[in-house]
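Worksheet: the structure to be examined is printed underneath.
Please read these numbers as outputs of a predicted model, since none were measured by experiment. Below, all heavy atoms of this structure are taken into account, side chains as well, without hydrogens, waters or symmetry copies.
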Amino acid sequence: MPVEPDPDGLAWDRYREYLRLLARLQMPPYLRGKLDASDVVQQTLLEAHQTRAQLHGRSEAERAAYLRRVLAHNLADAARKFTAAARDVAREGRVEEDLAQSSARLEAWLAAEQSSPSQRAVREEELLHLAEALARLPEDQRTAVELKHLQGYSMSEIARALGRSETAVGGLLGRGIKNLRRILDDSE
């Protein structure tokens, strides 16, 4: 089936790695073995495409916020499917809050507060660019960098989560940051 052109210019696919990053950061550990972040992102992008007429004329920041809300709802739905305890309606609100916090940590990692519309647009582009660069890292390096810099885990917490020594985690972080800088520099 041919892909329909998007007359509104809402290129949802450019958000794919950003959404995958947020989904990885917020997906509960018990879901990771049962559900891939890409599946939740695909559902989110499908829903965004289906409602694109409602977003015509919205700013980039408004579209990104919309995508985060849809992703939060989809993660909450997935959690409900895989656990009986997930019937708590407040869970969906918590997932949305967690996504907003992850997004805020991601923005803080990139730059200090910027307020003009042009600076916000630049920041959104940088977020998308960072998410794409993180996706290009080897999985173990990406996970270590995300846990440390985006989720605020300590070295010992990362070591436990990855089943490695703190020395090994230090190496992963060092290589991950070095590779991330290289990827970001190469793409400029």
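In this structure, Ser156 and Glu166 approach most closely via the heavy-atom pair CB-OE2, 3.4 Å. Summarising the geometry of Leu184 relative to Ala133, their closest heavy-atom pair is CD2-CB, 3.6 Å, with the distance given to 0.1 Å. The shortest non-hydrogen separation linking Leu173 to Ala144 is CD2-O, 3.3 Å. Between Leu25 and Gln151, the shortest heavy-atom distance links the atoms O-NE2, 2.6 Å. Between Val40 and Asn74, the closest heavy-atom pair is CG1-CB, 3.7 Å. The nearest pair of heavy atoms linking Ala159 to Val169 is CA-CG2, 3.6 Å.
With a 4.5 Å cut-off on side-chain heavy atoms, Arg164 and Asp140 count as touching. Using a 4.5 Å heavy-atom cutoff, the side chains of Leu21 and Arg24 are in contact. Counting heavy atoms from C-beta outward, Glu17 and Leu134 have side chains that stay 4.5 Å or more apart. In this structure the side chain of Gln43 never reaches within 4.5 angstrom of the side chain of Asp77, judged on heavy atoms.
Judged by distance alone, with hydrogens and angles left aside, the side-chain atoms of Arg63 form a donor-acceptor pair with the main-chain N or O of Arg58 at under 3.5 Å. In terms of modelled atom types and a separation under 3.5 Å, the side chain of Gln141 and the main chain of Pro138 share no donor-acceptor contact.
Note that the CZ atom of Arg16 and the CG atom of Leu67 stand 11.0 Å from one another [nearest 0.5 Å]. Taken to the nearest 0.5 Å, the NZ atom of Lys34 stands 14.5 Å off from the CG atom of Asp39. For the atom pair Leu35 CG and Lys81 NZ, the distance stands at 8.5 Å (nearest 0.5 Å). Note that CD1 of Ile177 is 4.0 Å distant from NE2 of His149, once rounded to the nearest 0.5 Å. With rounding to the nearest 0.5 angstrom, the CD1 atom of Ile158 is 11.0 Å from the CD atom of Glu146. Interatomic distance, CZ of Arg68 versus CG of Leu75, reported as 13.5 Å (0.5 Å rounding).
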>> Please determine whether side chain to side chain donor-acceptor pair (under 3.5 Å) holds for the pair Tyr15 and Thr44, giving the CA-CA distance in whole Å, both sets of side-chain angles, and the decisive distance to 0.1 Å.
In response: CA-CA 10 Å; Tyr15 291 96; Thr44 299; over 6 Å; no
>> Using the rule given for side chain to side chain contact (heavy atoms under 4.5 Å, CB included), can you reason through Val70 versus Thr51, listing the C-alpha separation, both sets of side-chain angles and the distance that settles it, and then say yes or no?
In response: CA-CA 11 Å; Val70 173; Thr51 60; over 6 Å; no
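Surrounding CZ of Arg136 are at most 12 heavy atoms belonging to other residues, nucleotides or ligands under 6.0 Å away. Heavy atoms from other residues, nucleotides or ligands lying under 6.0 Å from CZ of Arg181 number 12 at most.
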